[in-house]
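To keep things clear, I will list the structure first and then write my remarks on it.
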Amino acid sequence: YQRRVHGGIFTEKEIEELSRRFTSISKIGDDDNLIDKTEFQLVLQMESCMFVDRLFKLFDRDNSGTITLSEFLLCLGVLHPNGRREDKVSTSFRMWDLDEDGFISKKEMIILLSSCMHSTSLLITKDQMNSLIEATFRLADYDNNCNIVLMLNK
């Protein structure tokens, strides 16, 4: 049995390991105990693109342009298997809601999926991407207004 800390998500041992990893990442560029976007990209081994920018923004909660240890742990806590479902859903929603208007449009999905395909080896045709988006909207657009709204009780 390991005592859980940081909202019950991580064990003390996991916090120690994540803190060590954070420190090593933050030393890639400036040794300032912060992770900037360049260090973040290098660790992900991805070129600068909208997907990386959106992911960085999820970690950088205060929009300072850097990630603190606390922000690092908060975001990883969401991704952790013990993380709350509601936090996972709202974080995923924020990733896709590019204009931060509280809705995910088909256009936003096309933009982000296209960015992902450009920056990874993910190869799908335009028709496959459109089919994926249409299927997503059939499942998640509850009021058929061509927008997905964050609804945690559905």
Side-chain angles (χ1 to χ4, degrees), residues 4-137 140 147-150 152:
R4 296 210 169 265
V5 293
H6 205 277
I9 307 250
F10 298 114
T11 63
E12 289 178 7
K13 186 176 181 176
E14 288 171 324
I15 292 274
E16 289 172 16
E17 179 58 30
L18 289 170
S19 295
R20 275 194 294 278
R21 288 185 187 210
F22 176 87
T23 300
S24 70
I25 295 167
S26 72
K27 290 180 179 180
I28 291 173
D30 296 330
D31 189 2
D32 55 3
N33 211 30
L34 297 167
I35 297 174
D36 63 29
K37 195 177 287 184
T38 302
E39 293 164 331
F40 190 77
Q41 280 177 234
L42 287 170
V43 168
L44 293 178
Q45 298 179 346
M46 293 180 74
E47 295 177 18
S48 181
C49 66
M50 181 179 288
F51 178 76
V52 172
D53 292 345
R54 297 297 297 170
L55 192 56
F56 184 83
K57 187 172 183 160
L58 291 177
F59 276 82
D60 179 19
R61 300 236 174 186
D62 65 1
N63 295 315
S64 65
T66 58
I67 301 168
T68 64
L69 176 59
S70 179
E71 289 171 323
F72 185 73
L73 293 173
L74 277 170
C75 203
L76 290 179
V78 169
L79 301 173
H80 193 281
N82 292 336
R84 293 180 19 183
R85 179 185 175 275
E86 295 82 7
D87 293 338
K88 293 176 190 304
V89 171
S90 67
T91 298
S92 295
F93 188 89
R94 285 190 358 251
M95 178 77 175
W96 289 91
D97 183 14
L98 301 179
D99 61 9
E100 299 177 5
D101 65 354
F103 303 97
I104 299 171
S105 67
K106 289 181 181 180
K107 181 180 177 183
E108 287 171 314
M109 288 193 92
I110 290 168
I111 290 169
L112 195 54
L113 280 174
S114 297
S115 174
C116 289
M117 290 187 327
H118 257 49
S119 61
T120 66
S121 59
L122 178 65
L123 298 174
I124 63 172
T125 67
K126 193 170 191 163
D127 287 341
Q128 290 171 321
M129 183 171 66
N130 287 332
S131 293
L132 175 65
I133 291 169
E134 289 302 321
T136 301
F137 272 79
N147 286 307
I148 298 173
V149 179
L150 179 61
L152 293 174

Side chains of [X] and [Y] in contact at under 4.5 Å (non-hydrogen atoms):
| X | Y | value |
| --- | --- | --- |
| K106 | E134 | yes |
| T91 | V89 | no |
| E108 | W96 | no |
| S70 | R61 | no |
| I25 | I67 | no |
| M50 | L98 | yes |

How long is the straight-line distance from [atom2] of [Y] back to [atom1] of [X], given to the nearest 0.5 Å?
| X | Y | atom1 | atom2 | result |
| --- | --- | --- | --- | --- |
| I124 | S131 | CD1 | OG | 9.0 Å |
| F56 | F51 | CZ | CZ | 14.5 Å |
| D60 | N63 | CG | CG | 5.5 Å |
| L42 | I35 | CG | CD1 | 11.5 Å |
| L74 | L76 | CG | CG | 9.5 Å |
| K27 | D32 | NZ | CG | 11.0 Å |

Inset, instruction - State, without any angle test, whether T66 and S64 hold a side-chain donor-acceptor pair at a distance under 3.5 Å. - result: yes
Legend entry - Exercise: do T125 and D127 side chains pair donor with acceptor under 3.5 Å: no
Legend entry - Atom NZ of K88: over 12 foreign heavy atoms under 6.0 Å: yes
Legend entry - Q41 (side chain) donor-acceptor with V52 (main chain) under 3.5 angstrom: no
Inset, instruction - May I ask you to decide if M95's main-chain N or O and K57's side chain share a donor-acceptor pair within less than 3.5 Å? - result: no
How far apart are the closest heavy atoms of [X] and [Y], and which atoms are they?
| X | Y | value |
| --- | --- | --- |
| G102 | D97 | N-OD2, 2.8 Å |
| S90 | L150 | CB-CD2, 3.9 Å |
| L18 | F10 | CD1-CE2, 3.5 Å |
| I104 | F137 | O-CZ, 3.5 Å |
| I9 | G83 | CD1-CA, 3.6 Å |

Inset, instruction - Not counting sequence neighbours, which residues clear ring pair (Phe, Tyr, Trp, His ring centres under 6.0 Å) with F59? List them please. - result: F40
Inset, instruction - Return each pair, listed once, that meets salt bridge (Lys or Arg N to Asp or Glu O under 4.0 Å) where at least one residue sits in residues 35-45; pairs must be two or more places apart or across chains. - result: K37-D53
Inset, instruction - Determine, for K13 against E17, whether the closest basic-nitrogen to carboxylate-oxygen distance falls under 4.0 angstrom. - result: no
Legend entry - Residue pairs fulfilling ring pair (Phe, Tyr, Trp, His ring centres under 6.0 Å) with at least one residue in residues 11-39, sequence neighbours excluded: F22-F72
